[in-house]
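See below for the structure under consideration.
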Amino acid sequence: MLPAIGSITPSSNRTVERTLAGVMRHFPGVDSCIARITYYGPGIGQPKDGYDTEPYRHAAWQLGHANVGVVCWNGTRGAGLGLDADRRLCAIMSEAANCPATTATLDTATLLDRLGAKRIGFVTPGDTAYAAEAAAGFGRDLGPVRSLGLKDNLASAELTPDRIGALVREVAREGGVDAILLWSTNLPGWEVMAPLEAETGIPVLDSAAVGVWGTLVAAGIDPTRAASLGRIFTIPK
């Protein structure tokens with residue numbers, strides 16, 4: 001049986017599965033499995049200031065039935081809640097699935113450390129306050145933000161890669177950032193990471209792709225086979 005990784009995504013997400021498909025074509029010997037938790041509209045299905053952990057536990061338990069080697073919550077809520085909230089969530093998911101667990105937020109924190117990024121810019125479908133909370137959660141200085149003020153999580157998936165690229169260029173032109181975060185796993189940005197990095201010289205971290213990177217690393221799989229997709233995949237651990 002092939003090794004497998006497991007991802008948990010919001011019920012209104014249209015992007016994580018496409019990102020997985022795009023990244024995992026570089027890993028033909030690894031399966032990927034998906035589970036969903038209820039999260040749609042303006043945050044319906046999860047409390048504003050924390051996690052209702054039971055849906056995550058159940059989703060991880062189900063992924064465990066497929067004998068995945070690691071589970072990931074591929075969502076970005078954790079930075080605004082504080083990284084300890086995601087660490088506690090990982091403990092719950094790990095016990096339920098009987099394997100290691102990670103989150104896109106914790107993986108982002110790891111990558112920011114590895115990149116030495118102290119001031120970060122954001123492209124986010126939410127408001128500027130959401131980006132500011134995330135920067136504070138990461139212990140980083142907040143750089144330029146392009147926020148779209150969207151209230152419905154599903155609407156994030158409607159943005160085109162060209163539109164995302166234009167917003168990244170605006171952040172880059174303002175300057176003074178060590179990395180630019182595409183801060184929603186429902187933003188379809190994985191395809192533009194590498195060309196934008198080549199153009200701007202700044203690391204671009206697509207949230208959903210970061211979650212896949214972290215899941216591969218946690219499963220002991222060398223991510224550098226996908227190095228053509230962006231700088232994050234050149235970082236082995």
Side-chain angles (χ1 to χ4, degrees), residues 2-7 15-32 69-76 78-79 83 86 90 100-124 134-135 138-141 143 161-162 164-165 167-169 171-172 175-185 187-237:
L2 295 177
I5 59 173
S7 292
T15 300
V16 165
E17 283 155 315
R18 280 188 284 146
T19 305
L20 269 168
V23 174
M24 296 308 291
R25 70 170 184 262
H26 296 272
F27 302 88
V30 183
D31 282 338
S32 58
V70 61
V71 294
C72 172
W73 159 232
N74 209 332
T76 57
L83 300 185
D86 269 32
C90 282
T102 187
T103 74
T105 289
L106 293 176
D107 298 331
T108 299
T110 297
L111 285 167
L112 292 174
D113 285 343
R114 294 292 303 277
L115 293 165
K118 299 185 182 303
R119 188 169 188 261
I120 53 178
F122 284 84
V123 173
T124 177
F138 289 128
R140 263 67 181 185
D141 294 331
D162 285 347
I164 293 169
L167 295 171
V168 169
R169 292 184 188 97
V171 172
V177 296
D178 304 310
I180 299 172
L181 274 54
L182 308 182
W183 200 235
S184 165
T185 63
L187 284 178
W190 70 273
E191 293 177 285
V192 296
M193 286 192 302
L196 287 169
E197 289 174 336
E199 179 181 337
T200 66
I202 301 170
V204 177
L205 281 64
D206 171 75
S207 299
V210 166
V212 180
W213 170 86
T215 311
L216 291 167
V217 168
I221 299 166
D222 181 4
T224 60
R225 281 181 272 174
S228 62
L229 300 181
R231 195 176 306 186
I232 63 172
F233 289 103
T234 70
I235 299 173
K237 287 185 181 180

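For this chain, numbers begin at 1 and follow the sequence in order. If you're wondering where the values come from, they're calculated on a predicted model, not measured in any experiment.
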- Query: What is the minimum heavy-atom distance between G78 and T105, and which atoms define it?
  - Reply: N-OG1, 3.6 Å

- Item | Nearest-0.5 Å distance, CG of residue L167 to CG of residue D162 | 11.0 Å

- Task: For the pair V168 and V192, evaluate side-chain contact (heavy atoms from CB on, under 4.5 Å) and give the outcome as yes or no after the intermediate values.
- Result: CA-CA 10 Å; V168 169; V192 296; 6.0 Å; no

- Task: Could you tell me whether the side chain of R18 and the main chain of T15 form a donor-acceptor pair under 3.5 Å?
- Result: no

- Note on the structure: For P28 and L2, the nearest pair of non-hydrogen atoms, with its separation, is O-CD1, 4.4 Å

- A219 and V70 have their tightest heavy-atom pair at CB-CG1, 3.8 Å

- Quick one: do R231 and L111 satisfy side-chain contact (heavy atoms from CB on, under 4.5 Å)? Show the steps, please. CA-CA 10 Å; R231 195 176 306 186; L111 285 167; over 6 Å; no

- Task: Using atom types as modelled and distance alone, determine if a side-chain donor or acceptor of N74 lies under 3.5 Å from a backbone N or O of A104.
- Result: no

- Query: Roughly how far apart are E199 CD and E197 CD, rounded to 0.5 Å?
  - Reply: 11.5 Å

- Query: Between the side chain of T224 and the main-chain N/O of A227, is any donor-acceptor distance below 3.5 Å?
  - Reply: no

- Message: Do L83 and F138 have side chains that approach each other closer than 4.5 Å (heavy atoms only, starting at C-beta)?
- Response: yes

- Query: Do side-chain atoms of D206 reach the backbone of L182 as a donor and acceptor pair under 3.5 angstrom?
  - Reply: no

- Query: Which atom names give the shortest non-hydrogen contact between A109 and R140, and what distance separates them?
  - Reply: O-NH2, 4.5 Å

- Task: Drop me the distance from S207's OG to F122's CZ, to the nearest 0.5 angstrom.
- Result: 8.5 Å

- Item | Gap between atom CG of L229 and atom CE of M193 - 0.5 Å precision | 6.0 Å

- Can a donor-acceptor pair be found between the side chains of T102 and D107 at a distance below 3.5 Å? yes

- Pairwise side-chain contact, T103 with C90, heavy-atom cut-off 4.5 Å (strictly under): yes

- Task: Starting at OG1 of T215, measure out to CG of L20 and round the result to the nearest 0.5 Å.
- Result: 7.5 Å

- Query: How about I164 and P188: do any of their side-chain heavy atoms sit closer than 4.5 Å?
  - Reply: yes

- Task: Going by the side-chain contact (heavy atoms from CB on, under 4.5 Å) test, name the single residue among T124, V210, T76, L112 that passes it with L181.
- Result: L112

- Could you tell me whether a side-chain N or O of T185 sits under 3.5 Å from a main-chain N or O of V16, the two making a donor and an acceptor? no

- Task: Determine the minimum heavy-atom distance between C72 and G211, stating which atoms define it.
- Result: SG-O, 3.8 Å

- May I have the step-by-step check of side-chain contact (heavy atoms from CB on, under 4.5 Å) for I232 and L205, ending in yes or no? CA-CA 7 Å; I232 63 172; L205 281 64; 3.8 Å; yes

- Item | Interatomic spacing from CG in D141 to NZ in K118 - rounded to 0.5 Å | 9.0 Å

- Measure from the side-chain N and O atoms of W213 to the backbone N and O of I235, and report whether any donor-acceptor pair falls under 3.5 Å. yes

- Side chains of H26 and F233: closer than 4.5 Å at any heavy-atom pair? no

- Task: Return the minimal non-hydrogen interatomic distance between R119 and G175, and the atom names on each side.
- Result: NH1-O, 3.4 Å

- Query: Sub-3.5 Å donor-acceptor pair from the side chain of R225 to the main-chain atoms of F27, do we have one?
  - Reply: no

